[in-house]
Amino acid sequence: MTDVTETTRTSVFLERQTYRRRRLVDAARLVPVLGLLLWLVPLLWPSEGDSRPAMSTAILYLFGVWIFLVVIKFLIARPLRSDPSDAQDGQE
Amino acid sequence: MIALNALVAICLSYVAFLFAVAFVAERAARRGQVGWLRSPLVYTLSLSIYCTAWTFYGAVGYAARSGLEYITIYLGPSLVMLGWWWLVRKMVRIGRTQRLTSIADLISSRFGKSNLLAIGVTILAVIGTTPYIALQLQSVTLSFDVFAQASGEAEQLPSAIWVAIGLALFTVVFGTRNLDVNERHHGVVMAIAVEAVVKLFALMAVGLFVVWGIGGGLGATLEKIDDSEIGAWQVEGGRWAGLMLLSAAAFLCLPRMFQVMVVENDDEAHLRTASWAFPTYLICMSLFVVPIAVVGLDLMPAGSNPDLFVLTIPLSQGREGLAILSFLGGFSSATSMVIVAAIALSTMVSNHIVMPIWLRFTNSGAVVSGDVRNVVLLARRLSIVGVVMLGYLYYRLSGGGNALAAIGLVSFTGVAQVLPVVLGGLFWRGATRIGAFAGLTLGFSVWLFTLFLPSVGTGVVISTTVMEQGFFGWSWLRPQALFGIEGLDPLMHTLFWSLALNTIAFFGFSLVSFPTPLERLQGAQFVNIFQHSSSVRSWSPGVAQSEDLMVMAQRILGAGEAQALFSRAARKQGVSGNLPEPTPGFLELLERELSGSVGAATAHAMIGQIVGGMSVSVQDLMAVADESAQLMEYSARLKEQSDELSRTARKLREANQKLTRISVQKDAFLSQISHELRTPMTSVRAFSEILRDSGQLTEAEQTKYASIIHDEAIRLTRLLDDLLDLSVLENGQVSLNLRHDMLRDLLDRAAAAALADDDGSALRLRRDRALEDIPIYTDPDRLTQVFINLISNSKKYCEAETPELHIRVGQRGDLLSLDFVDNGFGISPEAQDVIFEKFARVSDQKAGGAGLGLAICRQIMARLGGEITYLKGEGGAAFRIDLPTNITVAAQ
């Protein structure tokens, strides 16, 4: 699933700045995948017996991941703000 | 304790406040001051419509009952928004490009503007949302109940029906004040944003109070959590992953989420902000859920409803202000959800069910007298009331005793049935209408049978017998153990079976069915939305009447709006006055504007009626293409025929020319033949007259004259014989007498015959007899005739001192070539062309024959499958004869 508006438009080799932006977009796309992986980690925790983690640990872990993802997303979203590939070509 | 009346008054003034907010926002939007209305912040806050009373009250109850599982309901949507680039961006782009008004519109548009599919999705959405609305009613009723209990006014408790009526009224007034061209409700969105702030603030306030006011700080609260009965990780893996999937699906498919996320979206760039801001909002909303639940479990008496801890904890601590704030937060959550859900559903119902039916029954289409707007508005208002009342019905039937979260999950699973079709439609061009219909129907049926109807309460719709023994007594059709697989959690059971069967049916039927042209076109548009964000179809120009369009547009958009739109378009076209030319571009624009009010399919139909059915649908185009293909084929056939005709004409012309030529030849032939016949006849007559008239002729003279007459008669006979021979040959009436013979023998015979009357003038023949030893299957007599002719010609015309005829024999396979070359002066080039014609004589000096010999030779050779040609550049006269050694082989 590649963004066709980008890949069809330009040449193979890009300026450093454009290249950076592309990788930022890649990172932005991968954030949910990372989030899903991290949030599925609790499936590995034991849910029986004494060794199961305490509620506070679980809360701290889940919310920690959540905040981590949001911060990453925030950091990525800022430099992408002026991305021309998001031009409103769908608008009348 | 606060009196119930005061509480109602607070509610009413809060509602009045929301009205004011909405009013101000609408007015600002009308004035064009939309800058702050369209900020990413407002958009993000409007997305928080996801957090309803379920979140506000239910999450705490959920946590108190099942620990951390509640959080999955918020993790799913967080993932969706974090991954907006994958899916939400595409949905929003499509929604904006295609002017979609609802999730049903999305699916209907994708699958060829199928109204049937839209109706199906609408029904599914209405039924799926019903438990959700019941949940809001239940929560508001419960929260009133809490205050009533506390103030001892339980008997005056406003029943749920009043809450339902109030909410319906509220929504009608709020959501259908006007019919917005873009189906955007700036006022409503703004009010929702305010409500989002209120509920967040209320929940955070309660949370902060619980952690620092009661729990004694963060560390102490965490310790308390670990010590409580939900203090350890106790989530079941299947439910953990399943609920995350379910909530993500519901986030995408819930009608109200589609409304705020796609329909009300002003700017795609807002998604970028919302991608981190909305998860942040969710974090804040769910941060204090566990502490509140734990403290509630600790403080409140056993058996109290954990769904209401958010209210009851502040009340039990004597914090009435906080409790009222909390109540307002819950009230906000419930009202905002009901408003948006009812608006979204009523849009779907009026656009996809009421309007098509109304248009069909009034049968006059768009050019009906009266205001269509009124019909649309009325349909929406009635739908809103209907939807809310359905929620109330569900609430009554289910008894109002269920946990809020359980009701919500029933609803989620219902609307999640749309997910496979949406995803398939957005990413797979092969998805078809039939596939979508099959998938939705199957998934919806499974959900209805295994989760929705049982959730109303055992024995209400589905009897206990069916629950335990299966439908019709078939044990594999037990609602909670399909196919005999027991022991599953009912929710996961439904989620698994409904989505699995739904997806399988969707893909299966898509694979075997064939989409209509419009479906394929829309499919390409949807799947490749980022390549071409353009409109789909075009209208043929020149036929539509601008005035009719104006009249219709005024009825739907309102007079001012329509006039503004038309004059804007007219200005753009450079046309004076207020009526633009009905160009395809304008018609498309108009259709999109109308579709905002009445839905894509209806708008398309209405414009189609005015344009006089001249809308160029893809089917029409295909038909035209078919027709022109037929025309092309027809004209190709015509061309072929005319080619054939001209070929025939050319042939006829050629034949005519040939006939003329032949006629000329015939005339020439006749004059020649008369000439040829006359010459001997003249001498015969002359000499016979002499013999008759003069008696004094000597014996010798008599003999001489008589022999002249005899000679001439012989010459005449020969001439006639030759003519007859030629005629027979030319007519093809000659029958060949085919035999095996040796070439040498033929040449011997010819030489003997031709040189028989040799007067010693000595034509010497040069032959290589060894080479002539060739067996031949032909007509030997005819061939010999040719040889004789050639040899005697040579004898007659060769002017060399010692005339010599060289006969060369060559053989190539079955082909034999004989060259007759003499050592004379040959034939002049101009004569070479005509020597084979009749009566062609090379010279008159030795007029020995009639000039038919070579003509006959040529005819004979043609009959024998060979040919005779004059050989140039051999010095003397040279003829070549080519003929097959076996005439039958050559004929094959």
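What you see is a predicted model, and the numbers here were worked out from it, not measured in a lab. Letters go in sequence order (proteins before strands), and every chain restarts at 1.
Partners of A:Phe68 by ring pair (Phe, Tyr, Trp, His ring centres under 6.0 Å), not counting sequence neighbours: none found.
Every pair passing salt bridge (charged side-chain N to carboxylate O under 4.0 Å, His left out) that includes a residue from residues 66-86 of chain B is listed here, sequence neighbours excluded: B:Glu69-B:Arg239.
Only the side chain of A:Val31 has a heavy atom closer than 4.5 Å to any heavy atom of chain B. Using a 4.5 Å cut-off between heavy atoms, B:Phe278 makes no contact with chain A at all. Looking at A:Ala28, the atoms closer than 4.5 Å to chain B (heavy atoms on both sides) all sit in the backbone: N, CA, C or O. Heavy-atom distances place no part of A:Leu44 under 4.5 Å from chain B, backbone and side chain included. With a 4.5 angstrom heavy-atom cutoff, B:Thr72 does not touch chain A via any of its atoms. For A:Leu62, the part sitting under 4.5 Å from any heavy atom of chain B is the side chain, from C-beta outward, and nothing else. For B:Leu287, the parts lying under 4.5 angstrom from a heavy atom of chain A are both the backbone and the side chain.
None of B:Thr221, B:Leu203, B:Leu208 except one satisfies the side-chain contact (heavy atoms from CB on, under 4.5 Å) rule with B:Phe288; the exception is B:Leu208.
A perpendicular orientation is assigned to the rings of B:Phe251 and B:Tyr50, their planes being inclined by more than 60° (bins at 30° and 60°).
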### Query
Would B:Phe566 and B:Arg571 count as a side chain to side chain contact (heavy atoms under 4.5 Å, CB included) if you check the C-alpha gap in whole Å, the side-chain angles of each, and the deciding distance to 0.1 Å?
CA-CA 9 Å; B:Phe566 273 61; B:Arg571 263 204 309 284; over 6 Å; no
